[in-house]
Amino acid sequence: MVETKYIFVTGGVVSSLGKGIVAASLGKLLQARGYRVTIQKFDPYINIDPGTLNPYEHGECYVTEDGHEADLDLGHYECFLNIPTSKANNITTGRIYQNVINKERKGEFLGKTVQVVPHITDEIKRNIMILGKTGRFDFVITEIGGTVGDIESLPYIESVRQLRWELGKNCLCVHLTYVPYIAAAKEVKTKPTQHSVKSLQEQGVQPNILVLRTEQELSKSICRKVALFCNVDEDAVMQSYDVPSIYEVPIVLAEQGMDKIVLQKMGMPVDGNVDMPQWKNFLENMKTADKAVTIGVVGKYVELPDAYKSINESLLQAATYHKRRLDLRFIHSEKITEGNVVEMLSDLDGILIAPGFGQRGVEGKLIALKYARENNKPTLGVCLGMQCMVVEFARNVLGLEDANSTEMNESTPYKVIDIMEEQKNLTFMGGSMRLGAYDCKLDKNSRAYEAYKCDLVRERHRHRYEFNNEYKDLFEKKGMKCVGTNPDTGLVEVVEIPKLKWYVGTQFHPEYNSTVVRPNPLFMSFIEAAIKD
Ligand code: GLN
């Protein structure tokens, strides 16, 4: 029986330092050494999952194959490790409390007072170990969301403290902190790091490894100072300085021997170096690509860098494989008008119409799509983007005036997109959409088939509305084909206009399934069309 090793990644000083990237990078290095690795995220907020949070709160909502609405860091984990995550990889305080309260209502605590310690911490520990106990992994890396010192993180840090005690050498703590550069003093400052480590120590956790986030490379003497003041071995003080791409972080950490330090501290054999030829090749392509491909993402959250995270990464991956530099333009759908659409979209090589919910920005998406269709611009519509393709075609080609999705207008005379049957009577918002991976059968004679090179694909979903099959014949007769359908339900998954260069809409989200070593075929095909003259 293998002994699973547990690595915890905590963060200090400020949020947004990139704990997820550091966790994913470490996972990548261990995986490259042949270990079986998974990464999970524990988030200290009360929502049961991020599915009910809007992108202003929490960036993109990621979706796992098994239909869990998850933190976007799971996207990083999948993208780096190239293995799927699941519901078990993302736990929130809300879920921990829900489980404990359900047990309490069932009388499982036998009359005891239910408390944060030990009941909540026991439930956190149980959840931390679930994937490890399957025997499928040598390493389980757990990222603890939030910042050390937050009130809401306390039960998690206490659980880590207990697990370290219980697991001994099979447990290790990595703490990520920030070393700011103070321009006026022309100096980097280690005090915030010292305080954040102290705060962790006060809670009984001594980090084994520190990763210092910095804008510029730090001198040896700074790292030595941090080591001395924080009780951490000098060679276990790593730095993660700003690099042009998140995909360089594993290389930066490998150069400092992070994987070796981890193995050494856990009493495992340390020999050789990690080799990641495909990864390095990818980075090389990214650095040497001189020609650009210009893609416009049309959506209503374009001012938020993380709102379309998986889409951005999928485009970047596909462009890199085509040896192109991605020139990504964000176009605010609310700002597009009949008057400015040419100016806004004409110099793009390809247009992606983003997913979303609600009416805001939809009219702009429809104007963009009319322009794209009439000017034969390679276009990919994702989820709401696909639904908008259908609405635009209905209004402007089929002449169905005011055709709409019933999400936008319940009393539209032409419900070309309508609520799914199973969604009609649902009153709960959380986790109740059509979620996760479903099969899709593709017509052999389609762009989508050309892209995937097979007729049965599985992609992930997150929606309540669908193409209304009553209109299928009419659409097909006039040139928009339904080329992908769910084989069990007949639900339309992919629409295309074959006579155009590349005009494809998918009800599913191909962006959730694109990784550095396995870019999504549909994105590959979209970029290929965009760079073709
Ligand atoms: N709002 C649409 C629906 O629920 C599309 C959802 C999406 O784009 N993820 O069907």
Side-chain angles (χ1 to χ4, degrees), residues 49-56 58-65 67-70 72 75 297-302 304 306-312 314 333-334 351-366 368-369 379-392 394 403-410 412 415-438 440 459-469 471 482 484 486 489 491-495 504-514 520 522:
D49 59 49
T52 53
L53 292 170
N54 80 38
Y56 289 107
H58 207 254
E60 168 188 284
C61 175
Y62 189 71
V63 179
T64 59
E65 275 183 0
H68 177 63
E69 295 176 287
L72 61 79
V297 172
V298 177
K300 65 178 166 183
Y301 294 118
V302 286
L304 303 171
D306 281 346
Y308 303 116
K309 184 85 189 147
S310 296
I311 287 178
N312 307 347
S314 303
S333 48
E334 278 182 295
I351 300 172
L352 189 145
I353 308 292
F357 295 84
Q359 171 62 36
R360 187 166 71 87
V362 163
E363 291 306 319
K365 284 183 174 171
L366 297 176
L369 282 165
T379 306
L380 172 58
V382 176
C383 205
L384 178 63
M386 168 268 198
Q387 298 176 353
C388 287
M389 279 178 161
V390 169
V391 170
E392 189 278 325
N404 216 331
S405 159
T406 48
E407 179 182 7
M408 313 307 159
N409 175 9
E410 253 183 283
T412 167
K415 302 175 176 183
V416 288
I417 302 289
D418 204 359
I419 186 109
M420 282 181 280
E421 202 48 46
E422 69 265 28
Q423 292 286 323
K424 283 186 181 158
N425 299 319
L426 287 175
T427 46
F428 279 99
M429 295 297 268
S432 60
M433 278 185 253
R434 178 172 183 250
L435 290 165
Y438 288 90
C440 165
E459 294 281 13
R460 304 178 203 183
H461 299 73
R462 183 172 187 246
H463 65 123
R464 295 193 175 89
Y465 295 81
E466 62 170 320
F467 180 89
N468 183 347
N469 269 321
Y471 289 92
C482 302
N486 179 297
T489 59
L491 191 133
V492 172
E493 295 280 11
V494 187
V495 297
V504 180
T506 61
Q507 186 57 77
F508 53 70
H509 291 257
E511 74 275 17
Y512 292 143
N513 192 12
S514 189
N520 184 280
L522 207 60

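Counting starts at 1 for both ligands and their atoms, in listed order. All residue numbers in this chain count up from 1 along the given sequence. Computed over heavy atoms, backbone and side chain alike; hydrogens, waters and symmetry mates excluded.
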Item to check | Within 45° cone and under 6.0 Å: Arg360 NZ/CZ vs Tyr301 ring | outcome: yes
Next on the checklist: Before you tell me yes or no, could you show the steps for Glu69 and Arg462 under salt bridge (Lys or Arg N to Asp or Glu O under 4.0 Å), namely the whole-Å CA-CA distance, both residues' side-chain angles and the distance that decides it to 0.1 Å?
Outcome noted: CA-CA 9 Å; Glu69 295 176 287; Arg462 183 172 187 246; 2.7 Å; yes
Checklist outcome for this item: Taking every heavy atom of Gln423 against every heavy atom of Arg434, the minimum-distance pair comes out as NE2-N, 3.5 Å
Checklist entry - Mind checking whether Tyr438 and Phe508 have ring centres under 6.0 Å apart? => result no
Next on the checklist: Quick test: of every protein heavy atom, which one is nearest to atom 7 (C) of ligand 1, and how far off is it to 0.1 Å?
Outcome noted: Cys383 SG, 3.0 Å
Item to check | atom 2 (C) of ligand 1: the protein heavy-atom neighbour that sits closest, reported with distance to 0.1 Å | outcome: Glu407 OE1, 3.2 Å
Item to check | Nearest non-hydrogen protein atom, atom 4 (O) of ligand 1 | outcome: Arg464 N, 2.9 Å
Item to check | Contact summary for Pro355 and Lys365, nearest pair of heavy atoms | outcome: O-NZ, 3.6 Å
Checklist outcome for this item: ligand 1 to Leu384, heavy atom cutoff 4.0 Å, flagged ligand atoms 5 (C), 7 (C), 8 (O)
Checklist entry - Between the main-chain N or O of Ala70 and the side-chain N or O of His68, is there a donor-acceptor pair closer than 3.5 Å? => result no
Checklist entry - What atoms in ligand 1 come closer than 4.0 Å to a heavy atom of Phe357? => result 1 (N), 4 (O), 6 (C), 7 (C), 9 (N)
Checklist entry - ligand 1 and Pro355, any nitrogen or oxygen pair closer than 3.5 angstrom? => result no
Next on the checklist: Considering non-hydrogen atoms of the protein only, which is the closest contact for atom 10 (O) of ligand 1, and what is the distance?
Outcome noted: Tyr465 N, 2.9 Å
Checklist entry - Which part of Gln387 is near ligand 1, with near meaning a heavy atom under 4.0 Å away: side chain, backbone, both or neither? => result side chain
Item to check | Subset of ligand 1 atoms that lie under 4.0 Å from at least one heavy atom of His463 | outcome: 3 (C), 4 (O), 10 (O)
Checklist entry - Would you call His509 a ligand 1 contact, heavy-atom distance under 4.0 Å? => result yes
Item to check | Heteroatom distance test (Arg462, ligand 1): nitrogen or oxygen, under 3.5 angstrom | outcome: yes
Next on the checklist: Does Gln507 form a side-chain contact (heavy atoms from CB on, under 4.5 Å) with Val495? I'd like the steps, not just the answer.
Outcome noted: CA-CA 9 Å; Gln507 186 57 77; Val495 297; over 6 Å; no
Item to check | Worked check of side-chain contact (heavy atoms from CB on, under 4.5 Å) between Gln387 and Glu407 | outcome: CA-CA 10 Å; Gln387 298 176 353; Glu407 179 182 7; 4.3 Å; yes
Item to check | Close N or O approach (Gly356, ligand 1; < 3.5 Å) | outcome: yes
